[in-house]
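To start, the structure under review is shown below, and the notes come after it.
Small disclaimer: the values here were computed from a predicted structure and weren't measured. Sequential numbering from 1 along the given sequence is applied to the chain's residues.
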Amino acid sequence: MDSQILENPKACTTLPTLPGVAIQILDLCQREEPDLPKMAQVIGQDPALSVRLLKIVNSPYFAVPRQVAKLDHAVALLGVDAVRTLALTFSIVKSLRRDSTEGADLSRFWRRSPISGVAARQLGQWATLPDPEALFLAALLQDIGTLALRTAFSRKYPPLLARSQDDHRALIALEQAELGTDHAEVGGWLAQLWQLPGIYEISLRGSHDPDQASVYGDLLTFVKTVAVSGLLAEIWVIEDPTAAMPHASSNAEQMLQMEAEDVQSAVTEISQALPGTSTLFEIDLGDTQAQ
């Protein structure tokens, strides 16, 4: 990205920020020997986060053999990677929703992001990727650059959103033409600014064009899964889902070697998982049935 393009975001004091609890958790996770009791103590500083973490560890998703009532027990059961991802997800959703209360033109963002997260988790199972929660968070964040651009270019960006008419590909083209960058690139910069693990920066930058990520093996599959998740989310977001399905299906076939019936099965599984996600993150996803 041209350094001059970043002058607006760098100078902007109201960009999306990580909450203090999330920053502390990241710091603890990056140490050679993560301190799980300390991590539980930090999470305990945020009562809402504590309740949600206990809620999810006791949910059918994790299927623990008995009820978990204590935060330190939950952290020990989940492990460092899952705790980091879940804590960051909850914290970021809470923070971004608060920071964007005036962004009525971003209602589509608030539906597309969690649906992408659910889609990435389901696709990750198909691709046998090892970290479904990291996939969820990467997919959830893949459009975070939209918020940054809207804040940094407060007069110029809303008209671009309006002109795109909720067409994601059109929005990317408009961003490139008018701003010389796009929200994927800006999102990668934000992930770097927040000092998130490198996999998130790579995934956000590659969410529109995974091949430009210059990575290989499972990491490339991870990036491609995030990209396809956003395309699948369009099925629930745009006004004409009949156009979204073939586009998502062809990209899933090309990027992940999925057959048409595999994509259809994934869509069904995503649809079934969305109500639980809507409840868990307290986000209204509207009609969660596949269109």
Side-chain angles (χ1 to χ4, degrees), residues 1-3 5-6 9-10 15-18 22-23 25-27 29-30 80-89 91-93 96 109 112-149 168-169 171-172 175-176 179-233 248 251-252 254-258:
M1 187 191 307
D2 188 322
S3 60
I5 293 170
L6 281 180
K10 283 181 177 178
L15 285 178
T17 56
L18 284 180
I23 292 172
I25 291 170
L26 267 178
D27 178 61
C29 291
Q30 289 169 350
V80 172
D81 292 339
V83 168
R84 175 180 60 198
T85 301
L86 292 170
L88 281 173
T89 300
S91 297
I92 289 169
V93 166
L96 296 184
F109 167 88
R112 190 179 194 270
S113 294
I115 294 173
S116 296
V118 174
R121 185 187 285 156
Q122 296 297 329
L123 291 171
Q125 293 178 3
W126 184 89
T128 63
L129 290 172
D131 195 344
E133 298 312 319
L135 271 171
F136 181 93
L137 181 57
L140 179 84
L141 291 176
Q142 66 179 297
D143 292 328
I144 190 67
T146 301
L147 296 186
L149 287 172
H168 202 72
R169 285 172 287 175
L171 177 60
I172 295 164
E175 290 169 344
Q176 288 285 0
L179 304 176
T181 187
D182 59 44
H183 60 268
E185 198 168 10
V186 173
W189 170 74
L190 265 182
Q192 185 181 40
L193 181 69
W194 291 345
Q195 296 183 322
L196 295 180
I199 193 170
Y200 297 107
E201 179 187 351
I202 293 168
S203 298
L204 268 59
R205 289 188 189 277
S207 60
H208 297 157
D209 183 9
D211 290 329
Q212 63 87 36
S214 299
V215 292
Y216 307 94
D218 283 351
L219 184 52
L220 178 58
T221 303
F222 187 104
V223 177
K224 288 182 175 181
T225 300
V226 170
V228 173
S229 75
L231 299 177
L232 284 176
N251 277 273
Q254 178 184 356
M255 294 188 199
L256 300 176
Q257 289 73 57
M258 297 179 74

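- Taking all atoms of both residues into account, the shortest heavy-atom contact from Gly124 to Leu135 is CA-CD1, 3.5 Å.
- Taking CG of Asp143 as the reference point, atom CZ of Arg112 lies at 4.5 Å (rounded to 0.5 Å).
- Of the possible polar contacts, one joining the Ser207 side chain to the Leu204 backbone as a donor-acceptor pair under 3.5 Å is found.
- Shortest non-hydrogen contact noted between Ile144 and Gly187 is CG2-CA, 3.8 Å.
- The salt bridge (charged side-chain N to carboxylate O under 4.0 Å, His left out) analysis of residues 190-202, with sequence neighbours excluded, yields the pairs Glu201-Arg205.
- With values rounded to the nearest 0.5 angstrom, Leu196 atom CG is found 7.0 Å from Leu137 atom CG.
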Hey, mind stepping through Ile202 and Ile199 against side-chain contact (heavy atoms from CB on, under 4.5 Å) and telling me if it holds? CA-CA 5 Å; Ile202 293 168; Ile199 193 170; 5.7 Å; no

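- Taking every heavy atom of both residues into account, Ala134 and Thr85 meet most closely at N-CG2, 3.7 Å.
- A search for side chain to side chain contact (heavy atoms under 4.5 Å, CB included) contacts involving Pro132 returns Tyr61, Arg121, not counting sequence neighbours.
- Distance CD/Glu133 to CG/Leu140: 11.5 Å, rounded to 0.5 Å.
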Evaluation steps, side-chain contact (heavy atoms from CB on, under 4.5 Å), between Glu185 and His208: CA-CA 9 Å; Glu185 198 168 10; His208 297 157; over 6 Å; no

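- In this structure Glu175 satisfies the side chain to side chain donor-acceptor pair (under 3.5 Å) test together with Tyr157, His183, sequence neighbours excluded.
- In this view, Asp81 and Arg84, Asp131 satisfy the side chain to side chain contact (heavy atoms under 4.5 Å, CB included) rule, not counting sequence neighbours.
- Looking at residues two or more places apart in sequence or on another chain, you find a side chain to side chain contact (heavy atoms under 4.5 Å, CB included) between Ala119 and Ser229, Leu232, Ile270.
- Closest non-hydrogen pair, Ser116 versus Gly230, comes out as OG-CA, 3.5 Å.
- Sorted by first then second residue, the side-chain hydrogen bond (donor to acceptor under 3.5 Å, both in side chains) pairs that include residues 215-227, not counting sequence neighbours, number zero.
- More than 12 heavy atoms of other residues, nucleotides or ligands lie within 6.0 Å of CD in Gln212, so this atom counts as buried by the packing criterion.
- Contact check for Leu88 versus Leu141: no side-chain heavy atoms found under the 4.5 Å cut-off.
- Within the model, atoms CH2 of Trp189 and CH2 of Trp194 stand 10.0 Å from one another, a figure rounded to the nearest 0.5 Å.
- Here the side chains of Leu26 and Gln195 are not in contact, with every heavy-atom distance at 4.5 Å or above.
- Scored by the side chain to side chain contact (heavy atoms under 4.5 Å, CB included) test, Ala82 finds Leu78 as partners (sequence neighbours excluded).
- A search for side chain to side chain donor-acceptor pair (under 3.5 Å) contacts involving Gln192 returns nothing, not counting sequence neighbours.
- For the pair Leu220 and Pro210, the tightest heavy-atom approach, listed with the atom from each and the gap, is CD1-O, 3.8 Å.
- Every residue two or more places apart in sequence or in another chain that forms a side chain to side chain donor-acceptor pair (under 3.5 Å) with Asp27 is listed here: Arg31.
- Among residues two or more places apart in sequence or in another chain, the salt bridge (charged side-chain N to carboxylate O under 4.0 Å, His left out) test is passed with Asp209 by none.
- Nearest heavy atoms, Val226 versus Ala139: CG1-CA, 4.0 Å.
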